[in-house]
Every structure is written in structure tokens, then in C-alpha cells.
2 protein chains.
Amino acid sequence: MAIRNADAERVRNTSFFRDADDETFNTAINGAFLQRFPANTTLLMEGDTVDFLYILLEGSVELGAGWKSKDTTLAILRPVSTFILAAVVLESDALMSAVTLERSEILMVPGDSLRRGMKENAAFGFAVSEELAGCYRGLVRSIKNHKLRDSTERLANYLLTQRARQGGKDEIVLPHEKRVLAALLGMTPENLSRAFSKLSDKGVSVDGARVGFSNVTVLERLARPSPLIDNHYAQDRNTLGKAYTERQQGVLDQG
Amino acid sequence: MAIRNADAERVRNTSFFRDADDETFNTAINGAFLQRFPANTTLLMEGDTVDFLYILLEGSVELGAGWKSKDTTLAILRPVSTFILAAVVLESDALMSAVTLERSEILMVPGDSLRRGMKENAAFGFAVSEELAGCYRGLVRSIKNHKLRDSTERLANYLLTQRARQGGKDEIVLPHEKRVLAALLGMTPENLSRAFSKLSDKGVSVDGARVGFSNVTVLERLARPSPLIDNHYAQDRNTLGKAYTERQQGVLDQG
DNA sequence: ATCGCAACTTGATTAATGTCAAGCTAAAGC
DNA sequence: GCTTTAGCTTGACATTAATCAAGTTGCGAT
């Protein structure tokens, strides 16, 4: 096995491998290897055949798609996240491209091994189903966020989500550059600037990557966060149990 | 068992039960029952606890969601389709509401039974994973369709998809009322009308639910259909094998 | 230090879409 | 037959977001 024990353990404890027995785990990651990529490296293009499940251990990755000279960002992933699991399960081609945003470490698990593990061990297969179901629900949330909210509302909710995840203090640090955030929220950088201005009414102040809140109540009145769209606790899914197994892909990311 | 053999057989042959052995099948649908609903019946509201997997056998169902007095349609399902599978797998609440559009027959499978079947039989669990992965990819296509295309382009591609599914002739029949189609394509009925007008340049003529094509080449030049967004063959997934296992949820539906 | 560049902001303009208000049409009911 | 009504269409207008064009800021490299 071409991966260090420390990395194997890290994967075991954080992804859907968590509950697998040793034998299944070894089957499922047979032939896996760890790879390091510099920033802005294309890991996968839309339409490519998918041979590996990717597990992001360090860094961050953008999932995107293009058509007719336009491009859009579908999600930004942070460790520990799997990606293109659906394509691996179906032995299909990729519907999204994947590009590193920073220097990243990625465990690459052969699709054959993963599928063999799923077919040999029902409990492991079920855990993969839970992961897939969580990803699906993350996308549903993302679509609802986009179709039901305008850009200012999306930003307001993004900020409240970040605030909840960063401990509920009255200042947060944006985890991405603003142009990346704009892409994630489905708007242009220009409109992100304007959306921040609109929120200054609601007690939101911006200084570089630092965002301050002086009146959360009035911001929430605009944002109207909903547990059926927003997932304020995605990062805690490992400690909070089933209720938060969901993955937070899409616009709300896992920042 | 409260369902007729004919219904059971129908489910077996068309959904992810296809490859299950009898014992697993019986475990997975233990306690299932068939229910008939009139048109415009709410089966499930957002936020409801989900106790059953729904399998649509006859009729059609709209999946939607709302926020702040706005509503949006996420998908329109036709037989045979499962829905809210992800919530069942995660024993979670529904992120979408489900309403019948016409008189419908729905098989309701207890979530407990389904999960038990998945945990007892790895092959069955894998088949459910494939279904989930297909649903996931359907949503990815839907998001790409919405974020990368304007409303006229979405309509043009919808028409080409319908044309392919209805045999490639130069006339098709719209499977839904125009107001439903508008909701599905993420626009108002007014803008759907205007989008049809714009396409008259491209040889598209409309007469009620009948749509004619006099110059598919020029329509395709505008629509630029892509296998990475559109799924012209979704209905044939059972006969074409793995490459088309994917479910066609979202804007492109399964019409 | 300052030069250069990329990120960000701001303003003016254009394009796309939603909203409101009539009006039209065709099928259902009386 | 006529009337009603829901679905659809059309036009005028408002709102939202993208685009284009300057600027400004801040950081890194030399």
C-alpha cells in the first residue's frame, strides 16, 4: 500500500470508512495512493472517465462546469471531503471538473476497489449510500438557495452560516478570496461588492477578509435562514450524529 | 403483504429491486402498500419526517420547495420513479414537498424495511447506491442547465430532449401544461411564451401542445445540447445498460 | 522604496427576467 | 346556443444581475 499509516488512519476516521472493519477497509482502498498537487491544478475535466474516488485531505478544491464559453462554480470543498463519488459508483464520466485552489493533498482510491468493498460488505455499502444521500441533499439545498433567493439574500445567509460555524462571534474571517466567494454564490465579483454595500444597512461591515456584525437580528430578518436550505452545522456532522450526516456541497460549501 | 402481485412485479422489474433476490426483495418491501391519490394532493411537505420511500407507478408528481412566500419546482416525475430516497437512507426530514399533478398510484415502502434490505444484502445496497448516484447526477445536470443557460436556451434544449425521446420526428407533443413546463424550466409562463416566440426564428412552431420543427440544425446551433448537461435517453436507462442508469430529475424531467 | 499586478470597488450601461394589467382562446358547464 | 373560466399571450414597466470601464488598494518582487 502506497499510503502512510497516518494518512490511512485519517481517512478511516473521517469519511464513510469510519465504521468499516479492517478487511473491508483494506479491500476498499486497495491500490490507493496519496498525491500532492500545487494550486490551480486541473485534476479532472468534465467528460473525463473517472477511475478514482478522490478524497481531499489537505487544501481546497473547486468543482465547476462550463458550457459555451461560460463557466460556473458548483462547490468548493475543504478537508475531509470525497468527490466524484457518484461517477465512481456508476462507472461513468465526470459531470464536473475539479481544480485545486491551493496546494492540496488528495488520496486517490481506485474505483474498482471501492465498488468491490461495497459489494462485499453491506454495512460499508450502506455507509457509502449515506454519503451519497448527504451529497444529494447538499445539492438540493444549493438549488433551493439559488432559485428562491436573490444574490443579496444568498450572501446574507452565507455570512450567517459562516458565523454559526466560526463560533457565533460578531466577527468572522472569510475563508476564500472574494472572487471565489462570488463564484460560489453565483454572482460576479462586482455584484458581490454591491451586495456587501447593501448589507451595511443591516450592520455588516467589511474590512478585507474580516466581516463584522453589529446587528444580527436585523440581518436575520433579511436573510431568513432556514434549516431546509442552510446547514449551519455541516462541519460538526461527525460529532452530532445522524441528524447532521449531510454534506454541505454547493453554494454553502463546507468552509 | 398489502400489494397485489402485479404491482409487486412491476416494481421489481423497473426499479433498483430488479437484481434483488426474492428474500431481499421481501425484506425491503415488507409492509409496503399501494395508495391512490387524486390530482393536486400534497403527499409530503418540506420539513416533514419521512417514513416511507415513495415509488410512483402511475400519474405524475411535482417536487417543489418554498421560502419566504416564493415557490419553485425542482422536478416533475413520471412512472416509474422513486422519490425522497435520500431522506429515507438518512432517516431525515424532507427537503422538498411532493404534490400529485394528476391522479396517481404510489407504492409506499416503509423506510425501515428498505434500510434493513440494504444492510442485509450488499448487492441490493449497491443497487440503491446506483439509484442515488443517478439522482445526484440528475441534480448536477439540472444546476448546470440553470446556471449556464438562459431561459431560451433551456427551452430549446428541453424541446430537443423531448424530440429525441419521442422518436426524433419533426413534431412533438408537450407532456405538461405550459404553466407546469414554465415552472420546470425555472421561468414564468409569460417568459415561456416569449421564449417560444424567439424560437420561431429557429423553425419552431407551436400549436397548443404540439410543437413542430422545420430546421433542427439551426435550433441545435442555438441550443448546443451537451451530453454533460442533457440526457436525451433517460427513459431507456433500463435497456441501454450502465451508461444510462442515470435518473433525469430536475429541469429536464423524465417527460 | 517603488514598480507591477491582481484583487477589489464604483459607476454607467445593457441585458435578462419578473411583475402587472389587459386581452384572447378554447374547452367545460348551464 | 351562450357564458364562464382557466390557460395562454402580449405589452408596458420594474427589478435584478451582467457587462464595460475606470479607478483604487494592497501585496510581492525586484
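Note that the coordinates shown come from a computational prediction; the quantities given were computed from them, not determined experimentally. By convention in this document, chain letters (A, B, ...) are assigned in the order of the sequence lines, proteins followed by strands, and residues within each chain are numbered from 1.
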Worksheet item: How close do Gly186(A) and Arg154(A) get, heavy atom to heavy atom, and via which atoms?
Response: O-NH2, 3.4 Å
Discussion item. Can you see whether Ser104(A) engages Arg36(A) through a side-chain donor-acceptor pair at a distance of less than 3.5 angstrom?
Written reply: no
Response to the item:
Students should find that the end-to-end axis angle of the helix from dA1(C)-dT30(D) to dC30(C)-dG1(D), with five pairs defining each axis and rounding to 10 degrees, is 30°
Worksheet item: What residues in residues 199-213 of chain B put a non-hydrogen atom under 4.0 Å from any atom of DNA chain C?
Response: none
Pairs under 3.5 angstrom, nitrogen or oxygen only, protein versus nucleotides 16-20 of chain D, please.
| residue | atom | partner | partner atom | Å |
| --- | --- | --- | --- | --- |
| dA17(D) | OP1 | Ser151(A) | N | 2.6 |
| dA17(D) | OP1 | Ser151(A) | OG | 3.4 |
| dA17(D) | OP2 | Ser151(A) | OG | 2.8 |
| dA18(D) | OP2 | Thr188(A) | N | 3.4 |
| dA18(D) | OP2 | Asn191(A) | ND2 | 2.8 |
| dA18(D) | N7 | Asn191(A) | ND2 | 3.4 |
| dT19(D) | O4 | Arg194(A) | NH2 | 2.7 |
| dC20(D) | N4 | Glu190(A) | OE2 | 3.1 |

Report all interatomic pairs (protein N or O, nucleotide N or O of nucleotides 4-7 of chain D) with separations under 3.5 Å.
| residue | atom | partner | partner atom | Å |
| --- | --- | --- | --- | --- |
| dG7(D) | OP1 | Arg179(B) | NE | 3.4 |

Item to complete: Mind checking the CD-CG spacing from Glu62(B) to Leu74(B)? Nearest 0.5 Å is all I need.
Response: 8.5 Å
Response to the item:
At a 4.0 Å cut-off to heavy atoms of chain A, the contacted part of DNA chain C spans dA7(C) to dA12(C)
Fill in: NZ/Lys169(B): more than 12 non-hydrogen atoms of other groups inside 6.0 Å
no
Worksheet entry | Side-chain donor or acceptor of Arg78(B) paired with backbone N/O of Pro175(B) under 3.5 Å | yes
Practice prompt. Quick one: list whatever passes side-chain hydrogen bond (donor to acceptor under 3.5 Å, both in side chains) with Asn215(B), sequence neighbours left out.
Written response: none
Worksheet item: If you look only at pairs with a residue in residues 202-213 of chain A, which of them pass as a side chain to side chain donor-acceptor pair (under 3.5 Å), with sequence neighbours excluded?
Response: Glu171(A)-Arg210(A)
Item to complete: Determine, step by step, whether Glu102(B) and Ser60(B) satisfy the side chain to side chain donor-acceptor pair (under 3.5 Å) criterion, reporting the C-alpha distance in whole Å, the side-chain angles of both residues, the deciding distance to 0.1 Å, and the verdict.
Response: CA-CA 6 Å; Glu102(B) 24 179 321; Ser60(B) 69; 3.1 Å; yes
Worksheet item: With ring centroids as reference points, do Tyr54(B) and Phe83(B) lie under 6.0 angstrom apart?
Response: yes
Item to complete: Sequence neighbours left out, what pairs pass salt bridge (Lys or Arg N to Asp or Glu O under 4.0 Å) with at least one residue falling in residues 181-192 of chain B?
Response: none
Discussion item. Could you work out, with side-chain hydrogen bond (donor to acceptor under 3.5 Å, both in side chains) as the rule, every residue matching Glu58(A), not counting sequence neighbours?
Written reply: Arg10(A)
Worksheet item: Does any N or O in the side chain of Lys144(A) come within less than 3.5 Å of the main-chain N or O of Leu95(B), such that one atom is a donor and the other an acceptor?
Response: yes
Discussion item. Going by side-chain contact (heavy atoms from CB on, under 4.5 Å), name the residues that satisfy it together with Asp71(B), two or more places apart in sequence or in a different chain.
Written reply: none
Worksheet item: Of all residues at least two apart in sequence or in a different chain, which pass the side-chain contact (heavy atoms from CB on, under 4.5 Å) check with Arg179(B)?
Response: Glu177(B), Pro189(B)
Practice prompt. Taking side-chain contact (heavy atoms from CB on, under 4.5 Å) as the test, write out the residues that go with Ala94(A), two or more places apart.
Written response: Leu44(A), Val50(A)
